[in-house]
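These notes are about the structure you will find just below.
Protein chains get the first letters and strands the later ones, always in sequence-line order, with residue 1 at the start of each.
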Amino acid sequence: MAIERTFHPLPPWQRTDYCGALRKDDAGRQVALWGWVDGRRDHGRLVFIDLRDREGIIQVVFNPERSAPAHDVARSLRAEYYVAIKGEVVMRAPTTVNAALATGEIEVMAHALEVLNPSAPPPFRITEEEQVTEELRLRYRYLDLRKPLLQRNLRLRHAIMRATRAHFDEHGFVEVETPILWRPTPEGARDYLVPSRVSPGHFYALPQSPQLLKQILMIGGFDRYYQIAKCFRDEDLRANRQPEFSQIDVEMTCPRPEDIIAIIEGLFTRIYRDVLGVALDVPFPRLTYEEAMERFGSDKPDARFGMELRNLTAAFAETELNVIRRSLAERGAVYGLRLPSEFQLTRRELDEMVAQIRSRFDLGLSWAKVATEDEWQGPIAKHLGQTEKSRAARVLELAPGDTVFLMAGARNKVRPAMGDVRLQLGARFVSLPPGLLRFMWVVNFPLFERSEQEGRLTSVNHPFTAPCPEDLEALERDPLSVHALAYDVVLNGEELGGGSIRIHNSELQLKVFELLGLSRDEAMDKFGFLIEALSYGAPPHGGIALGLDRIAMLICGTDSLRDVMAFPKTQRAVDLMSGAPAEVDPAQLEELCVKILS
RNA sequence: GGGGUCGUAGUUCAGCCCGGUUAGAACGCCGGCCUGUCACGUCGGAAGUCGUGGGUUCAAAUCCCAUCGGCCCCGCCA
């Protein structure tokens with residue numbers, strides 16, 4: 001057919017209502033609708049169409065006695081045709097009401113119909129009932145987006161962003177945009193690089209976060225800044241990690257940690273109230289890093305269930321068991337975990353868990369079943385002395401039928417491994433109420449940790465984090481003992497964000513770089529602009545950054561980031577719809593002075 | 001970089017273990033009939049590079065090897 005017969009760039013009439021928004025109060029009204037054909041039921045004479053738009057579905061009836069031309073066209077409609085109709089809203093006869101539909105008490109008796117665009121048969125039905133592979137969903141993202149799940153999730157995400165902007169606006173924060181083309185940085189994740197045409201051999205990096213830019217905005221006098229910022233990290237993907245994601249980025253002048261904490265508790269309160277109508281309990285509990293590791297074996301504890309770790313080092317002080325004695329001699333520690341008797345693992349499952357912990361953490365997990373306080377069964381049971389068994393039983397509050405897990409070794413290795421065991425047991429046995437929200441702050445992080453791979457100190461947070469003032473004197477003598485003015489906000493075992501008070505003194509900043517193995521010259525080369533900026537009356541400042549996508553995941557009740565992003569990438573960082581990344585024309589590369597090696 | 005899992009009509013899946021009919025089903029699609037359906041019904045029809053490549057075999061969707069792609073995880077990443 002000639003294009004001029006089928007291409008209608010302008011609508012034939014204006015829409016009066018959304019399909020899914022009509023209700024029985026609208027009965028008697030003449031309406032004009034646009035929407036997709038969700039389904040067609042053709043009875044030869046009567047034709048029924050389910051018409052769908054973003055608000056929902058309504059049934060449209062075509063009766064040849066009402067309009068023969070419209071009825072004729074209606075018979076040719078197919079799934080996902082985009083059509084405009086005019087008609088009258090009428091009450092359905094009581095026997096024909098569809099209780100499954102919000103609009104089920106009414107229908108539209110059509111007298112005019114225009115096909116605005118036909119559709120090829122879709123590769124899958126636009127309904128949540130059909131479980132289609134993620135690959136196909138991503139390839140035809142525009143069709144998947146029409147489904148209720150993504151419609152709902154992206155609108156919830158919009159509501160989160162709206163609440164965020166309102167909250168910060170009301171507290172005097174200014175939203176400032178920062179560049180996407182920025183400077184490569186040595187620390188942190190792998191950068192996405194963009195070659196510069198006008199400076200051959202030089203590259204921009206897409207920002208991993210606007211960290212330094214927001215600090216410089218404080219130096220630049222904005223006092224209170226926020227931004228919903230796109231961030232980029234070229235690392236491998238996970239269900240909850242995409243290469244490009246959004247942060248709610250915040251910075252303020254002269255804050256105490258409690259000022260940031262209060263602002264963010266206010267933000268979460270606002271988001272949960274506005275988006276879900278849920279009232280949060282504030283303030284959130286605060287745990288020190290040390291306490292979180294000691295009790296949960298994690299710096300992002302899931303406090304929705306118990307089964308906390310217990311320190312059994314004292315209980316095992318006089319043990320005869322060789323493995324444990326050896327690790328205690330090396331200033332190691334012993335930790336235990338109690339699995340209550342109502343939860344039982346088979347021998348096979350226990351063996352699998354032991355093997356898995358060995359391969360992932362290179363640590364030996366031991367277990368025993370408790371018959372009575374002094375009578376344990378299992379591979380290690382007969383090697384355990386009476387003293388440690390009864391001491392451990394007291395600390396862990398063991399009861400007959402319980403399973404006890406034990407692990408000995410260096411504290412900083414045993415605790416995360418036991419934390420992992422705890423999470424596995426929790427996931428396996430504890431059924432959590434869906435609406436349960438356990439927010440918390442984890443504070444008093446160490447400033448540095450030792451990187452085994454690189455054999456040097458690295459920042460736990462980032463190199464711009466300020467040390468606690470009372471630890472300053474230990475900075476050079478014992479850097480690992482220094483605590484940071486840093487705080488993470490955690491919900492249900494998921495880290496939602498983290499922040500800190502920053503270093504605003506150029507000498508201290510240079511000292512920290514030095515401790516991280518960055519010479520004064522290298523530091524000036526890579527961060528000279530920051531050091532220099534700090535020397536011009538930089539006010540003390542600090543802030544936080546929150547993962548918007550993760551917040552959206554939790555609000556939407558999904559465990560995949562792809563369900564809260566309009567156009568996500570696959571695990572190989574590919575966009576299946578557009579085919580990005582793609583090869584480019586050799587002429588483009590030449591202009592950029594870029595050569596492909598392989 | 002490593003481990004696991006999946007890949008068969010447009011879609012969802014069966015068949016694969018134990019090699020041997022013309023590779024089936026449902027939904028969808030195409031055509032006919034049907035005035036109250038809403039998972040409409042009904043009659044008929046079309047539809048397949050069994051992800052790809054190689055090997056074993058008289059014979060491969062089926063067994064073996066490699067490879068590509070989706071998902072989950074470790075490493076990596078706040």
Parallel, tilted or perpendicular for [X] and [Y], by the 30°/60° rule?
X: A:F268; Y: A:F439; result: tilted
X: A:Y289; Y: A:F445; result: tilted
X: A:Y226; Y: A:F168; result: parallel

[M] and [N], which share atom name [atom1], separated by this distance in whole Å:
N: B:G36; M: B:C30; atom1: P; result: 23 Å
N: B:A66; M: B:G24; atom1: P; result: 32 Å
N: B:G41; M: B:C34; atom1: C1'; result: 8 Å
N: B:C65; M: B:U56; atom1: C1'; result: 11 Å
N: B:A9; M: B:A25; atom1: P; result: 15 Å

Within less than 4.0 Å of OP1 or OP2 of [N], is there a side-chain N or O belonging to [X]?
X: A:T570; N: B:G70; answer: yes
X: A:R562; N: B:C72; answer: yes
X: A:R572; N: B:G69; answer: yes
X: A:R238; N: B:C74; answer: yes
X: A:R78; N: B:C30; answer: yes
X: A:R41; N: B:C40; answer: yes

Regarding A:Q356 and A:Q424, do their side chains bring together a donor and an acceptor under 3.5 Å, going by distance alone?
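The answer is yes; a qualifying pair exists.
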Watson-Crick or G-U counterpart of B:A47, or none if no pair lies under 3.5 Å:
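Paired with no nucleotide.
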When you match A:A573 and A:D299 each to their closest nucleotide on RNA chain B, which lands nearer the 5' end?
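That would be A:A573.
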Using a 5.5 Å cut-off between ring centres and planes within 30 degrees, is A:H43 stacked on the base of B:U37?
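No, the aromatic ring of A:H43 does not stack with the base.
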